[in-house]
Amino acid sequence: MSVNLLDFDAAGLTAFLAEHGEKPFRARQVLRWIHRFGQSDFDAMTDIAKSLREKLKANASVIVPAIVSDKLSDDGTRKFLFDVGGGNAIETVFIPENERGTLCISTQAGCALDCSFCSTGKQGFNRNLTVAEIIGQLWQANQALGADPRRADHSERIISNVVLMGMGEPLANLENTVTALRLMLDDNAYGLSRRRVTVSTSGLVPAMDRLRDECPVALAVSLHAPNDALRDQLVPINRKYPLRELMSACNRYLQKAPRDFVTFEYVMLDGVNDSDRQARELLEVTRNVSCKFNLIPFNPFPGSPYRCSPVHRIRRFAEILIDANLVTTTRKTRGDDIDAACGQLAGLVLDRTQRTARRIIDLHEVRAP
Ligand code: SAH
Ligand code: SF4
């Protein structure tokens with residue numbers, strides 16, 4: 001049976017090649033070809049002995065998820081839709097900014113955690129993505145964005161940052177996520193620093209501890225409410241891991257985190273979690289954690305019961321946090337003309353097509369499948 005080499009990090013590839021009598025340095029070579037140079041054809045791996053190339057051709061392959069659509073927003077945001085089989089599609093969004101280019105990737109098809117303001121959650125859970133499907137999003141985006149890592153030095157990298165904030169809960173697919181993270185950090189693969197890779201979690205406390213021990217990268221936590229009563233409703237996993245436990249887990253994480261703060265994400269829901277009193281309550285509940293805040297304007301989707309807070313409310317909420325010396329940013333909504341904004345990432349091609357058709361959008365088909 002053919003093994004997909006995209007499922008392996010360095011350790012996995014070393015073990016696989018050892019089974020075929022090959023030395024560890026071969027794994028580094030193969031890894032570089034696949035991830036740094038984006039090569040999936042073994043015949044093109046010219047500095048690898050012909051005998052090994054023949055072995056690889058007989059026993060292995062490099063299979064990336066297929067791009068079914070590739071859309072460019074007016075603001076430069078680019079959204080890729082990947083077919084992962086069985087009617088499931090996942091999305092990856094590239095967000096160019098002046099000094100960096102961030103790729104937002106998915107870790108599951110759907111999500112089981114059912115946060116009440118999230119369209120992915122509303123679709124239910126289909127399955128975990130494989131390592132190949134997680135890292136394949138980066139592989140494909142690199143190719144599509146025309147990165148040539150043989151020439152580009154660090155500062156020229158088109159994808160300089162990766163955030164696991166697409167579809168799914170990364171820590172509910174911990175093992176595959178960690179293997180994919182190791183590839184992102186590996187100098188023979190994508191060579192990103194830990195600070196430039198961010199995992200966003202809704203707060204799976206035991207898995208936060210495991211991530212800390214296995215592969216600490218920057219951490220964002222989806223908070224969204226300043227007390228358990230409200231968070232129980234918005235983020236139902238809070239019933240299992242309430243705020244007190246979550247805050248302790250953040251502090252344990254910080255002991256090994258590459259950054260000395262956790263980013264708390266807070267979606268702004270009109271009349272639900274956006275009052276002055278709630279901002280002050282938020283200061284109280286996060287008092288013992290070194291943190292920054294990222295306020296996310298709510299992105300509506302069909303059938304959702306919420307509205308986004310008005311701009312003046314978001315500004316006032318931010319002011320209260322800033323006055324308490326907390327670094328607070330308000331996320332710009334990007335790519336909403338192509339349904340690429342937070343929480344709009346859809347699970348089913350069918351669903352997406354219908355939603356897209358309902359909108360008046362201005363997008364350019366960059367590449368058809
Ligand atoms: N499951 C992880 C990561 C994916 S969601 C998590 O929940 O953190 C990425 C971010 O988008 C989270 O902060 C999530 O709460 C936010 N989000 C989800 N739906 C949204 C919506 N409709 N509008 C704005 N942000 C949303
Ligand atoms: Fe899942 Fe995150 Fe959406 Fe909650 S916000 S349903 S954890 S993807």
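Both counts, for ligands and for their atoms, begin at 1 and track the order of listing.
Atoms of ligand 1 found under 4.0 Å from any heavy atom of P297, numbered from 1 in the order shown, are 24 (C). Atoms of ligand 1 found under 4.0 Å from any heavy atom of C118, numbered from 1 in the order shown, are 18 (C), 19 (N). Near F117, meaning under 4.0 Å from one of its heavy atoms, ligand 1 places the atoms 15 (O), 17 (N), 18 (C), 19 (N), 20 (C), 21 (C), 22 (N). Listed by atom number, the atoms of ligand 1 under 4.0 Å from I296 heavy atoms are 13 (O), 24 (C), 25 (N). In the vicinity of T201, heavy-atom distances shorter than 4.0 Å reach the ligand 1 atoms 6 (C), 8 (O).
When only modelled atom types and interatomic distance are considered, T177 and T107 share no side-chain donor-acceptor pair under 3.5 Å. Judged purely by distance below 3.5 Å, without hydrogens or angles, the side chains of R32 and Q29 never pair a donor atom with an acceptor atom. In summary, the side chains of E265 and S200 do present a donor paired with an acceptor at a separation below 3.5 Å, with no hydrogens or angles considered.
Residue N299 touches ligand 1 through backbone and side chain together, judged by heavy-atom distances below 4.0 Å. When non-hydrogen atoms are compared, ligand 1 lies under 4.0 Å from the side chain of E265 (C-beta onward) but not from its backbone. No part of T120 comes within 4.0 Å of ligand 1, judged by heavy-atom distances. Under 4.0 Å from ligand 1, not a single heavy atom of M167 appears.
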> Under the side-chain contact (heavy atoms from CB on, under 4.5 Å) criterion, do R210 and D213 qualify, and how do the steps go?
Replying inline: CA-CA 5 Å; R210 280 189 56 198; D213 294 335; 5.8 Å; no

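In R315, the CZ atom is not crowded: 12 or fewer heavy atoms of neighbouring residues, nucleotides or ligands sit closer than 6.0 Å. More than 12 heavy atoms of other shown residues, nucleotides or ligands fall within 6.0 angstrom of atom CD in E54. Applying the 6.0 Å contact sphere to NZ of K256 captures more than 12 heavy atoms from other residues, nucleotides or ligands.
Ring centers of F117 and F298: at least 6.0 Å apart, outside the cut-off. Ring centroid separation for the pair F317 and Y266 comes in under the 6.0 Å cut-off.
Of the options N88, N176, N128, N126, a side-chain contact (heavy atoms from CB on, under 4.5 Å) to Q108 is made by N128 and by none of the others.
Remark: R252 engages D209 in a salt bridge, criterion side-chain N to carboxylate O under 4.0 Å.
For atom 2 (Fe) of ligand 2, the closest non-hydrogen atom of the protein is G168 O, 4.5 Å.
For atom 14 (C) of ligand 1, the choice among E169, H224, K122 with the nearest heavy atom turns out to be H224.
At least one heavy atom of G166 sits under 4.0 Å from some atom of ligand 1. At least one heavy atom of G168 sits less than 4.0 Å from an atom of ligand 1.
At least one cation-pi condition fails for K57 and F42: the charged atom is not both under 6.0 angstrom from the six-membered ring centre and inside a 45 degree cone around its axis.
Around atom 4 (Fe) of ligand 2, the protein N, O or S atoms closer than 2.8 Å are C115 SG, listed by chain and residue number.
Note: H35 and Y190 have perpendicular aromatic rings, judged against thresholds of 30 and 60 degrees for the angle between ring planes.
Counting protein heavy atoms under 4.0 angstrom from atom 4 (Fe) of ligand 2 gives one or more.
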